[in-house]
Colleague: 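Before anything else, here's the structure in question.
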Protein chains: 2
Amino acid sequence: MGMALSGHERRQAKKREEILAIATELFLKEGYGRASMDQVHARLGGSKRTLYNHFPSKEALFEAIVSRVSDRVLAALQPSLGDSDLQDALNRMGKDYLSALLSPDGLALYRAMVSEAPHFPELARTFFENGPSRASHHLAAFFREQKVIGNLDVDDPQIAAEQFLGAVRGDIHLAAVLSAKKFTSKVIEKSVAQVVGLFLRGAGH
Amino acid sequence: MGMALSGHERRQAKKREEILAIATELFLKEGYGRASMDQVHARLGGSKRTLYNHFPSKEALFEAIVSRVSDRVLAALQPSLGDSDLQDALNRMGKDYLSALLSPDGLALYRAMVSEAPHFPELARTFFENGPSRASHHLAAFFREQKVIGNLDVDDPQIAAEQFLGAVRGDIHLAAVLSAKKFTSKVIEKSVAQVVGLFLRGAGH
DNA sequence: CAGATACGGTACAGTATCGTACATTTCAAG
DNA sequence: CTTGAAATGTACGATACTGTACCGTATCTG
């Protein structure tokens, strides 16, 4: 790894980044349907041919964008489940999870995937696997550990994890997706704390 | 109510229904952006002018569609919380709620609203108020009753209701939205049952 | 320096979009 | 039967979209 890049390759990579940066902003803001290659080209300047040299079609450009933003957002979806207190771990985990979902990129990515899933089934599939599914599996593994130790008593850790995260999303996530209204971290923390409280009373010890 | 309809009014109303039926199918299947007035006109037959006489613009037609489908779907979101056993009531309620969300119209409506919320903020607002918000308020009222009776012990019934419904949705709803995969009622029932079980252990008595 | 490669700028094809115009025809009411 | 509203059929504007063609310029490599 770390292959030396020739001048042309560096130049090409730089243009590619420039295109992706501009197109990402536009696509996430306007959505796939309303964003146009002409708009990308207008903000990018230069020739339309270079744009189509880097990305042979609008779909290809969209897929590249989603792939990049996914990596950026979904990385924050499997936060540290440290070895501290169980309650603290769940609280921090829930807060990080919800914060990632409510970030501008998180919301835009969610909208884009829900909107275009029927036309990009493969993309939707990998999004689900690497995003929500991965997050719940991560938490489920933690639940299994805690179950072995005896800190937790749940039937099916996998389903429990999915439902814990669902409860954390609550109505807040959908409200944010629909209205672009901001939620303070106070509200997030309080909501998460109540989920954790109820969950531990139901499954703790 | 029950105003006598003249012949012209009946005729007009019938055409309006015909347009709405065709357009609803198309818009829910293709989404607002990909569906076109020309497609509606092609399937409808007749003149384009009549189409535009009933609905002055594509946006107006979309709003009428969403309003109708909302009424149809969201009616099933506040199912009966009968006066029977608490556990049974929650199970039946959760199953009805999730079934409505996973119905073809429920999924299509959800996709449409998430997709177009930025461009139809007013519509998105009423959708949220009459849909998810109303459902959680309905359940919260039930929780308050049960709290008074002493069957339930929750801090904030409203938040508890939102989180209960969020847990019921779990990952199933998103998976259905993204992949159009069907879920059997067996899976739904089992998932709901586990939520109810955990919830009642945490907040019961 | 010579040749290859990427980039710039503009024009264009071909199609699709929303919405309108206009002359004609069906249909219900008085 | 007369009158007026609703529906028809089809042709258009005007614009926007994706993707291509052509030709000149700049930048890196050998």
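Just so it is clear: chains get the letters A, B, ... in the order the sequence lines come, proteins before strands, and each one is counted from 1.
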Colleague: Within the 4.5 Å heavy-atom criterion, are Leu101(A) and Val73(A) side-chain neighbours or not?
Modeller: no
Colleague: Enumerate the residues from residues 47-66 of chain A whose closest heavy atom to DNA chain D is under 4.0 Å, giving them by residue number; use none for an empty result.
Modeller: Lys48(A), Tyr52(A), Ser57(A), Lys58(A)
Colleague: Across nucleotides 24-30 of chain D, 5' to 3', mark each nucleotide with B, S or - according to how protein heavy atoms within less than 4.0 Å reach it.
Modeller: ---BSS-
Colleague: Hey, can you pull the residues of residues 16-46 of chain B with a non-hydrogen atom under 4.0 angstrom from DNA chain D?
Modeller: His41(B), Gly46(B)
Colleague: Is there a side-chain contact between Leu165(B) and Met93(B), using heavy atoms and a 4.5 Å cut-off?
Modeller: yes
Colleague: Does CZ belonging to Arg144(A) count more than 12 external heavy atoms closer than 6.0 Å?
Modeller: yes
Colleague: With a 6.0 Å cut-off on the ring centroids, do Phe142(A) and Phe164(A) count as close?
Modeller: no
Colleague: Taking the six-membered ring for Trp, are the ring centroids of Tyr32(A) and His119(A) within less than 6.0 Å of each other?
Modeller: no
Colleague: Taking the side chain as every heavy atom from C-beta outward, state whether Phe27(A) and Lys58(A) have any pair of such atoms under 4.5 Å apart.
Modeller: yes
Colleague: Is the distance between the ring centroids of Phe127(A) and Phe120(A) under 6.0 Å?
Modeller: no
Colleague: Quick one: are Asp156(A) and Gln194(B) in side-chain contact, heavy atoms under 4.5 Å?
Modeller: yes
Colleague: Would you mind reporting whether Leu200(A) and Leu152(A) have side-chain heavy atoms less than 4.5 Å apart?
Modeller: yes
Colleague: Would you tell me if any nitrogen or oxygen in the side chain of Lys15(B) comes within less than 4.0 Å of OP1 or OP2 on dT8(D)?
Modeller: yes
Colleague: How far apart are the closest heavy atoms of Leu26(A) and Ser36(A), and which atoms are they?
Modeller: CD2-O, 4.1 Å
